[in-house]
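The structure presented is a predicted model; accordingly, all values stated were derived computationally and were not measured. We name chains A, B, ... by the order of the sequence lines, and we start the count at 1 in each one.
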Amino acid sequence: MKKLCLILFLILSLYTLYSIPPTIFARVTPEDIVNAKKGAYETRVKNYSPANQQKLTTLASAIAEVNKKRCEDLEQVMLYQAAILDEYQGRKGGVETEAIKDARYWLTFAHEAIDYQKARIYIFDLNGESNIKNDANNLISSLQTQLNYARSTAIKSQSFISKAVSGGGSQKIVDPNTIQGGD
Amino acid sequence: MDTEQNNQIKFSLPVDEEKIKFFRIGAVIILVAIIGFFTYKIFTPSSNSNSQTPQTNTKSAAKPQPTPIPTPKPTLPPISSSTDLEAEIEKATPADFSPDYKILRDEVSKF
């Protein structure tokens with residue numbers, strides 16, 4: 001009887017070991033979030049009519065195109081701002097004044113914000129075919145908010161460089177969180 | 001007579017004991033098979049592993065899209081030692097993006 005119990009215990013242990021999936025201790029990366037969103041989108045969009053599926057595909061491409069193009073434009077602006085600041089610092093004998101330091105801080109901040117925006121992937125959060133317009137507009141609003149935030153950082157950087165170049169005094173470094181629109 | 005009976009008991013197993021022996025051998029064979037099966041399953045890499053991220057690139061959205069016409073990038077004048085920096089920094093203003101959002105929303109209104 002004891003042997004039978006032991007055998008049953010062994011079988012149950014092996015079954016438990018095999019059937020329970022191993023716990024994976026890994027942090028959730030942005031890629032995981034995007035993959036989860038893509039998965040949800042692909043599952044839901046299958047139930048939509050082919051015409052609406054095509055509309056969503058076309059709009060997603062247009063949104064991605066706008067984001068890419070506008071971010072590239074912003075990158076060009078940032079490179080130009082950087083060239084101006086470098087030239088100004090060169091004219092000052094390479095000395096980094098407080099104003100130049102502040103301007104460079106915002107230049108770097110804006111550049112990083114734009115890079116981050118460029119890497120964003122926009123995926124519809126679908127809530128039923130009858131809500132297709134709302135879902136599409138929500139995604140456009142999301143793009144608008146985030147792209148405008150990236151643009152506002154470029155404008156902020158420009159204003160600091162402008163003050164530095166025009167010989168303005170040092171500006172107090174502003175907390176990045178005070179800029180509206182970021183997340 | 002008693003001695004003969006004792007010998008019979010000693011050298012021939014009763015039917016029940018034979019059955020039990022048969023059952024035990026069977027149980028051992030089944031147990032070995034089960035252990036072998038689980039060992040094989042555990043140590044063989046499965047293509048349908050739970051740790052993999054779901055494959056999302058399906059062919060549902062594979063319709064060819066018209067390639068967008070490349071727009072020329074804004075070219076800004078080079079900066080030199082004679083450049084008026086105050087004037088140039090004013091030019092480094094990002095364009096207004098509102099027309100793009102309007103185009104996208106117009107697209108949605110056609111849904």
Taking a hydrophobic cluster as the set of Ile, Leu, Val, Met, Phe, Trp and Tyr residues connected by side-chain heavy atoms closer than 4.5 Å, whether directly or through intermediates, do Ile121(A) and Ile140(A) fall within one such cluster?
yes
Handout entry: Hydrophobic cluster identity match, Val28(B) and Leu31(B), side-chain contacts under 4.5 Å
Key = no
Do Tyr48(A) and Ile123(A) share a hydrophobic cluster, counting only Ile, Leu, Val, Met, Phe, Trp and Tyr and linking them when any side-chain heavy atoms are less than 4.5 Å apart?
-> yes
Handout entry: Hydrophobic cluster identity match, Val45(A) and Leu59(A), side-chain contacts under 4.5 Å
Key = yes
task: Examine distances only and state if a side-chain atom of Arg151(A) and a backbone atom of Pro94(B) form a donor-acceptor pair shorter than 3.5 Å.
output: yes
Whatever's closer than 4.5 Å to a heavy atom in chain B on Thr43(A) counts as neither
Fill in: From CA spacing to verdict: side-chain contact (heavy atoms from CB on, under 4.5 Å), Ile79(B), Tyr88(A)
CA-CA 10 Å; Ile79(B) 305 293; Tyr88(A) 177 71; over 6 Å; no
Sequence neighbours excluded, the answer for salt bridge (Lys or Arg N to Asp or Glu O under 4.0 Å) partners of Lys118(A) is Glu75(A)
Residues pairing under salt bridge (Lys or Arg N to Asp or Glu O under 4.0 Å) where one sits in residues 122-132 of chain A, two or more places apart or in two chains, turn out to be Arg44(A)-Asp125(A)
If one checks every heavy atom of Ala27(B) against chain A at 4.5 Å, the contacting part turns out to be neither
Assess the residue pair Leu85(B) and Arg91(A) against the criterion (side-chain contact (heavy atoms from CB on, under 4.5 Å)); give the C-alpha distance rounded to whole Å, side-chain angles, the decisive distance to 0.1 Å, and a yes or no.
CA-CA 11 Å; Leu85(B) 297 179; Arg91(A) 288 181 193 179; 3.5 Å; yes
Among the clusters formed by ILVMFWY side chains lying less than 4.5 Å apart, do Ile63(A) and Tyr41(A) turn up in the same one? yes
Residues Glu90(B) and Ser162(A): closest non-hydrogen pair is OE2-OG, 3.3 Å
Taking atom NZ of Lys37(A) as the centre, report whether more than 12 heavy atoms of other residues, nucleotides or ligands fall under 6.0 Å from it. no
Checking heavy-atom separations under 4.5 Å from chain A, one finds in residues 103-111 of chain B Leu104(B), Arg105(B), Glu107(B), Val108(B), Ser109(B), Lys110(B), Phe111(B)
The interface call for Leu79(A) against chain B, heavy-atom contacts under 4.5 Å, is neither
(message) Please check this pair: side chain of Gln158(A) against backbone of Ile89(B), looking for a donor-acceptor N/O pair closer than 3.5 Å.
(response) yes
Bottom line for Ser81(B): the part with an atom under 4.5 Å from chain A's heavy atoms is both
Scored by heavy-atom pairs under 4.5 Å with chain B, the best of Val66(A), Leu56(A), Leu85(A) is Val66(A)
Practice problem: Evaluate the side-chain proximity of Glu87(A) to Thr83(B): yes if any heavy-atom separation is below 4.5 Å, no if none is. | Solution: no
Taken to the nearest 0.5 Å, the spacing of Ile161(A) CD1 from Glu88(B) CD works out to 13.0 Å
When the 4.5 angstrom heavy-atom criterion is applied to Leu74(A) and chain B, the contacting part is side chain
Quiz prompt | Derivation and outcome, side-chain contact (heavy atoms from CB on, under 4.5 Å), residues Arg70(A) and Asp100(B) | solution = CA-CA 9 Å; Arg70(A) 287 309 188 180; Asp100(B) 288 341; 2.4 Å; yes
For Val95(A), the hydrophobic cluster (side chain heavy atoms closer than 4.5 Å, chained through members) also holds none
dist Leu147(A):CG -> Tyr101(B):OH (nearest 0.5 Å) comes out at 4.0 Å
